[in-house]
Asker: 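Structure provided below as structure tokens; questions to follow.
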Amino acid sequence: MSPVPNPTIVFISNPQGVPVPGEHLVHRNDITIDPDNVPLNGGILTKTVSLGVDPYLRNRMPYEYKPNTPFLGHGVGVIIRSENAKYQVGQHIHTPDYPFGHYAVFSPDANLRVLKEEALPWSTYLGVLGLAGQTAWVGYKAFAHAKKGDTIYVSTGAGVVGSVICQVAKAEGLRVISSAGSDSKVEFLKELGVDIAFNYKKQDIATVLKEHGG
């Protein structure tokens, strides 16, 4: 096969504030790859299925990324070539160090996890079954010490972490109070089954908790 385009997000430099597209991160369309012949050296070649854009990536920029190399983050890809007996063509893998390009080559010692075929969208492993879901689950289980019948308050409940906590708490029999920053997000919280959902920009948090938190 002749080389094919491998559009890639490339890290250029560490920003002092908010990253600026085209200055700190560049989308390059001139990068190519030959999927049939690119050396794997005992590793695997994947085609990207889904990538996760998470706030924590900003914190990786100062110390982890190297200039003029692909940006890295949580991603899911399907294996299209393998020189490693641990990985089979057609399997889907997840890694927190996925290069943000259409294709990626991983070395034999790369931090990869083979995903099960569970009839779920692959993007699920970057959300509720990924970093955000793990953050919600560990935070709730390790620190909330909640039990059935308790009342719990979840701030930023319409966000990906907060919404998972709301649903887990409801499933475990808790009464859930949660806040969000817009009326549309409040409606979303109600759809999740939150008992008391309110807009913290319109209602004082302390007042709501005093009234409903007993």
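Computed over heavy atoms, backbone and side chain alike; hydrogens, waters and symmetry mates excluded. What you see is a predicted model, and the numbers here were worked out from it, not measured in a lab.
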Asker: May I ask you to decide if Asp183's main-chain N or O and Glu187's side chain share a donor-acceptor pair within less than 3.5 Å?
Answerer: no
Asker: Is a side-chain N or O of Thr48 found less than 3.5 angstrom from the main chain of His102, in a donor-acceptor match?
Answerer: yes
Asker: Without swapping roles, check the side chain of Asp150 against the backbone of Lys147 for a donor-acceptor pair under 3.5 Å.
Answerer: yes
Asker: Main chain of Tyr87, side chain of Ser82: is a donor-acceptor contact present, judged purely on distance under 3.5 Å?
Answerer: yes
Asker: Hey, what's the ring geometry for His74 with Tyr56, parallel, tilted or perpendicular (30° and 60° as the breaks)?
Answerer: perpendicular
Asker: For the pair Arg28 (side chain) and Pro7 (backbone), establish whether a donor and an acceptor sit closer than 3.5 Å, ignoring hydrogens and angles.
Answerer: no
Asker: Does Arg60 reach the side chain of Phe11, with side-chain heavy atoms less than 4.5 Å apart?
Answerer: no
Asker: Donor-acceptor pairs are to be reported for all side-chain atoms of residues 105-114 against protein atoms at under 3.5 Å, with residues two or more places apart or in another chain.
Answerer:
from, atom 1, to, atom 2, distance (Å)
Ser107, OG, Asp109, OD1, 2.5

Asker: Is there a continuous path of hydrophobic side-chain contacts, each under 4.5 Å between heavy atoms, that joins Ile165 to Leu174?
Answerer: yes
Asker: Is there a chain of hydrophobic side chains (I, L, V, M, F, W, Y, each step under 4.5 Å between heavy atoms) that links Leu209 to Tyr200?
Answerer: yes
Asker: I'd like to check the side chain to side chain donor-acceptor pair (under 3.5 Å) partners of Ser182; sequence neighbours left out, ordered by chain and number.
Answerer: Ser184
Asker: May I ask you to decide if Thr207's main-chain N or O and Asp204's side chain share a donor-acceptor pair within less than 3.5 Å?
Answerer: yes
Asker: Do the side chains of Glu191 and Lys185 get close enough for a salt bridge, i.e. N-O under 4.0 angstrom?
Answerer: no
Asker: Report yes or no: does Asp195 contribute a side-chain atom to a donor-acceptor pair with the main-chain N or O of Ile177 at less than 3.5 Å?
Answerer: no
Asker: Does any N or O in the side chain of Arg81 come within less than 3.5 Å of the main-chain N or O of Val38, such that one atom is a donor and the other an acceptor?
Answerer: yes
Asker: Same hydrophobic cluster for Leu115 and Leu131, using side-chain heavy-atom links shorter than 4.5 Å among ILVMFWY?
Answerer: no
Asker: List the steps and the verdict of side-chain contact (heavy atoms from CB on, under 4.5 Å) for Tyr125 and Glu118.
Answerer: CA-CA 11 Å; Tyr125 294 94; Glu118 297 189 87; 3.0 Å; yes
Asker: Give a yes or no answer on whether the side chain of Gln91 reaches the backbone of Gln88 with a donor-acceptor pair at less than 3.5 Å.
Answerer: yes
Asker: Test your reading of the model: is there a side-chain donor-acceptor pair from His24 to the backbone of Val20, 3.5 Å cut-off?
Answerer: yes
